Amino acid sequence: MSFLELKNITKRYGPMTAVGDVSLSVEKGEFVSLLGPSGCGKTTTLQMIAGFVEPSAGTIRLDGRDITRAKANSRGLGIVFQSYALFPHMTVFDNVSFGLEMQRVPKGERKPRVEEALSLVHLAPYAKRYPRELSGGQRQRVALARALVIRPPVLLLDEPLSNLDAKLREAMQFELREIQRKVGTTTVMVTHDQAEAFSISDRVVVMEAGRITQIDQPYRIYEHPETEFISRFVGKTNLLPGKVATATGAGATVSLAGIAVPVETAGLSVGETVTLCIRPEKLHLTAPSGGLLTGRVADRFFLGSQWLYHIDGPLGTLMVVTPNDGSTPAEQGAPVGLEWSPSVVRVHRGAMAEAPDVALEVTG
Amino acid sequence: MSTTLPDAAPASPGGETPERRFPSAPLFLSGPAALLFAALVLTPLFLTALLSFNQFDYATGRTGGFTLEHYLAVVTDEYYLEIFLRTFRISALATAICVVIGVPEAYILSRMSNPWRSIFLLVILAPLLVSVVVRAFGWSMLLGPEGPVNGALIALGIGRMKLLYSEGTVVVALVHVMLPFMVIPVWTSLQKLDPAVEQAALSFGASRATAIVRVVAPQILPGILSGSLIVFGLSASAFAIPGLLGGRRLKMVATVVYDQYLSDLNWPMGAAVAVILLAANLIIMLTYHRMVEGHYRRRLG
Ligand SMILES: Nc1ncnc2c1ncn2[C@@H]1O[C@H](COP(=O)(O)OP(=O)(O)O)[C@@H](O)[C@H]1O
Ligand SMILES: [Mg+2]
């Protein structure tokens with residue numbers, strides 16, 4: 001049996017279902033992220049684990065114990081709030097010490113434990129400061145130290161890095177993971193940032209409108225998104241509507257605006273409407289005559305380590321990402337060929353919900 | 001995203017800030033308010049202070065000139081001393097009761113969800129729409145010898161009690177009038193409080209009471225402080241309530257000033273009492289402010 005278990009957790013606000021029928025098992029020591037767009041119920045789910053929101057239905061078990069109706073202050077979980085929620089009138093030391101005080105840890109034992117927690121987050125020299133005398137990143141670390149010092153069975157993080165600037169966010173991601181590995185605390189993190197979720201989680205739980213749509217390892221979610229929503233939400237993707245032209249036992253060909261494209265998905269039937277998803281980095285530029293498709297460079301964007309191209313062709317505008325290996329990039333307006341291996345094409349059955357918005361995908 | 005566009009830092013225009021271009025702008029902008037303040041507050045204060053040094057004779061009235069005799073008379077007369085002490089005792093008591101009632105009231109209010117919160121906020125503020133004089137008369141009818149309170153006491157077999165014209169009544173009425181001035185600043189500072197901070201305290205195993213005492217209360221202290229200063233200042237200079245509910249015997253400073261001006265026609269004496277009240281009020285409030293806020297300045301900024 002797993003360490004933290006949510007079973008059919010539901011939260012309704014009046015007629016609105018904020019979280020619907022969420023079931024999730026987290027193993028001891030695991031780092032799990034809840035990933036989804038804003039308003040999909042991530043915080044509500046976390047707050048139900050924390051005990052600040054009472055589920056309308058379902059059960060939550062921690063280490064075999066039913067804590068569904070337990071009071072928040074009896075659960076002993078470590079929580080890092082999105083706003084950090086530090087106690088502004090207490091020094092960093094007192095902030096971290098507060099949890100130990102509440103657990104009635106003797107005074108002599110508190111000091112070394114607080115110091116240990118502060119040095120874990122590299123804040124030992126700041127013990128005497130007040131929160132408002134710290135930078136955003138430092139406050140974030142205080143919040144983390146404060147949650148870890150009580151040695152909680154589960155650490156809950158609500159968008160812990162969203163208030164930091166891009167550079168610091170990336171640095172803190174890896175540090176967060178490193179600290180979590182070191183102390184081995186079971187962790188549930190909430191985030192709307194897929195880079196954050198992917199880089200530090202063992203498993204990612206994708207939520208959509210209050211429901212879980214996929215639970216998997218980050219790599220598998222990226223490569224094998226189970227719904228079209230996920231393939232769009234997670235990373236950039238080219239979505240191409242088509243119809244199955246021929247089907248054999250192991251694969252099929254899909255006709256995209258008259259162009260036959262081989263895929264490796266079994267069990268498709270001829271005439272079926274499908275949507276093909278191809279990640280931009282899986283497309284390769286070739287000489288104009290060499291590829292499966294031909295097109296022209298409509299736009300190109302320099303991303304530092306990569307080039308992002310918009311290629312106009314018979315299938316509309318496709319995004320292509322190539323590594324910046326130092327060679328001369330294709331010029332704007334230049335004719336190019338496109339090729340890819342059939343194994344990288346994901347097939348979603350049914351029509352697309354809406355036309356892919358290229359501009360949106362780029363900035364997203 | 002697997003790839004991120006480099007953050008384009010918004011180019012900051014190297015132009016001048018408004019302060020640099022118009023160094024005297026703040027002065028000009030605050031000018032009208034400063035003028036109004038000077039005309040409406042400082043001038044009467046100054047005139048009152050001048051008046052308090054004028055000589056006075058019962059036969060001829062105010063005669064001008066310069067004397068300290070009114071101040072000496074106030075400082076040395078036990079009658080005035082008692083009135084000052086009573087005024088500050090009543091004000092301090094009213095302030096303390098306002099804190100005890102108003103702070104929990106504001107806390108409960110901030111925890112309510114709409115529409116109840118709006119309704120109760122209106123209930124708390126509504127008394128401000130009724131004149132203090134009307135409310136004082138209300139209390140005097142309520143507590144009078146034939147009023148409903150005495151009626152209830154008689155019905156319960158306790159017998160008629162003399163409720164009007166006592167310090168207790170004045171305190172109760174002051175609390176009633178001043179409570180909104182405590183609730184509103186406290187409520188405002190509660191509004192600014194991040195609700196997650198209290199949740200954080202709970203998540204570390206604190207009981208609700210501990211969370212309130214250790215985490216919420218210290219953060220709303222500035223609100224309690226300003227509420228206390230307003231309530232104390234208004235109570236110490238209150239006129240209508242002690243005038244109507246304190247009767248002829250139970251005088252407070254403001255009613256004495258009124259008497260000096262309008263019964264004895266000794267304006268300089270009234271002015272001297274008023275100036276001393278102002279000075280004493282200022283000293284008490286500044287000391288209190290220093291004591292409480294100095295303690296928290298570094299922490300809360
Ligand atoms: N206390 C509440 N009352 C009513 N609706 C709420 C409440 N809390 C959250 N919601 C709604 O529940 C949905 C999920 O919210 P939330 O869990 O905060 O989303 P996320 O954290 O994923 O952005 C939102 O539509 C939000 O408006
Ligand atoms: Mg949220």
Side-chain angles (χ1 to χ4, degrees), chain A residues 47 50-52 71-91 98-104 130-133 143 146-147 150 152 156 158 165-167 170 193-195 198 222 234-236 279-281 301-306 308 321 361-364, chain B residues 1-10 12 103 107 110-111 113-116 186 188-226 291-301:
Chain A
Q47 296 250 319
F52 296 125
K71 285 232 159 59
N73 54 13
S74 70
R75 297 191 186 194
L77 307 182
I79 305 172
V80 174
F81 293 84
Q82 185 167 4
S83 58
Y84 310 148
L86 299 180
F87 306 132
H89 57 295
M90 294 185 195
T91 59
F98 186 84
L100 297 177
E101 220 176 304
M102 292 301 121
Q103 291 185 342
R104 298 185 205 292
Y130 285 95
R132 65 181 196 87
E133 299 167 331
R146 188 175 69 163
I150 59 172
L156 302 177
D158 190 355
D165 58 73
K167 195 114 190 151
E170 208 171 289
D193 179 345
Q194 46 122 345
F198 283 5
Y222 187 81
V234 170
K236 298 174 182 137
R279 297 275 185 205
E281 74 277 8
F301 304 92
F302 181 51
L303 307 181
S305 61
Q306 293 164 317
L308 168 66
V321 167
E361 306 276 342
V362 173
T363 52
Chain B
M1 304 244 78
S2 52
T3 55
T4 47
L5 289 163
D7 267 5
S12 62
V103 173
Y107 180 78
S110 75
R111 284 299 121 107
S113 55
N114 268 326
W116 290 112
V186 174
T188 310
S189 42
L190 277 167
Q191 289 298 100
K192 281 188 272 178
L193 207 75
D194 178 2
V197 174
E198 199 184 338
Q199 291 189 340
L202 292 179
S203 79
F204 294 121
S207 66
R208 192 160 276 276
T210 309
I212 290 173
V213 171
R214 293 276 314 268
V215 172
V216 177
Q219 291 188 74
I220 56 170
L221 207 68
I224 300 177
L225 173 68
S226 24
M291 249 168 40
V292 185
E293 188 162 87
H295 190 55
Y296 278 93
R297 182 161 308 138
R298 181 169 171 229
R299 302 163 180 213
L300 296 175

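Source: prediction; values computed, not measured. Lettering of chains follows the sequences in order, A, B, ..., and the numbering in each one begins at 1.
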Q | Phe98(A): partners by ring pair (Phe, Tyr, Trp, His ring centres under 6.0 Å), with sequence neighbours left out | A | Phe87(A)
Q) Between Val103(B) and Ile224(B), is any pair of side-chain heavy atoms under 4.5 Å apart? A) yes
Q. Checking Ile150(A) against chain B: side chain, backbone, both or neither under 4.5 Å from a heavy atom?
A. side chain
(Q) Checking an interface table here. Which of residues 188-197 of chain B come within a heavy-atom distance under 4.5 Å of chain A? (A) Asp194(B), Ala196(B), Val197(B)
Q) Got a second to check how far Leu308(A)'s CG is from Phe302(A)'s CZ, nearest 0.5 Å? A) 12.0 Å
Q | Exam field: side chain Gln219(B) to backbone Val215(B), donor-acceptor pair closer than 3.5 Å | A | yes
Q. Which atom pair, heavy atoms only, marks the closest approach of Val80(A) to Ala143(A)?
A. CG2-O, 3.7 Å
**Q.** chain B contact via Arg279(A) - side chain, backbone, both or neither, heavy atoms under 4.5 Å
**A.** neither
Q | chain B contact via Leu156(A) - which portion, at a heavy-atom distance below 4.5 Å | A | neither
Q) Under the salt bridge (Lys or Arg N to Asp or Glu O under 4.0 Å) rule, what pairs show up with a residue in residues 215-225 of chain B, not counting sequence neighbours? A) none
Q: Verify, without hydrogens or angle tests, whether Gln306(A) (side chain) and Leu303(A) (backbone) share a donor-acceptor contact under 3.5 angstrom.
A: no
Q) In terms of heavy-atom pairs under 4.5 Å with chain A, which of Arg214(B), Arg208(B), Gln199(B) leads? A) Gln199(B)
Q: Under 4.5 Å heavy-atom distance to chain A, tell me which part of Ala211(B) shows up: side chain, backbone, both or neither.
A: neither
**Q.** Residue among Ala50(A), Ala72(A), Ala85(A) with most heavy-atom pairs under 4.5 Å to chain B
**A.** Ala85(A)
Q. Mind checking what makes ring pair (Phe, Tyr, Trp, His ring centres under 6.0 Å) contact with Phe81(A), not counting sequence neighbours?
A. none
Q. Which region of Gln82(A), side chain (C-beta onward) or backbone (N, CA, C, O), has a non-hydrogen atom less than 4.5 Å from a non-hydrogen atom of chain B, or is it both or neither?
A. neither
Q.
Taking His89(A)'s backbone N and O only, do any of them form a donor-acceptor pair with Arg132(A)'s side chain (distance below 3.5 Å, no angle check)?
A. no
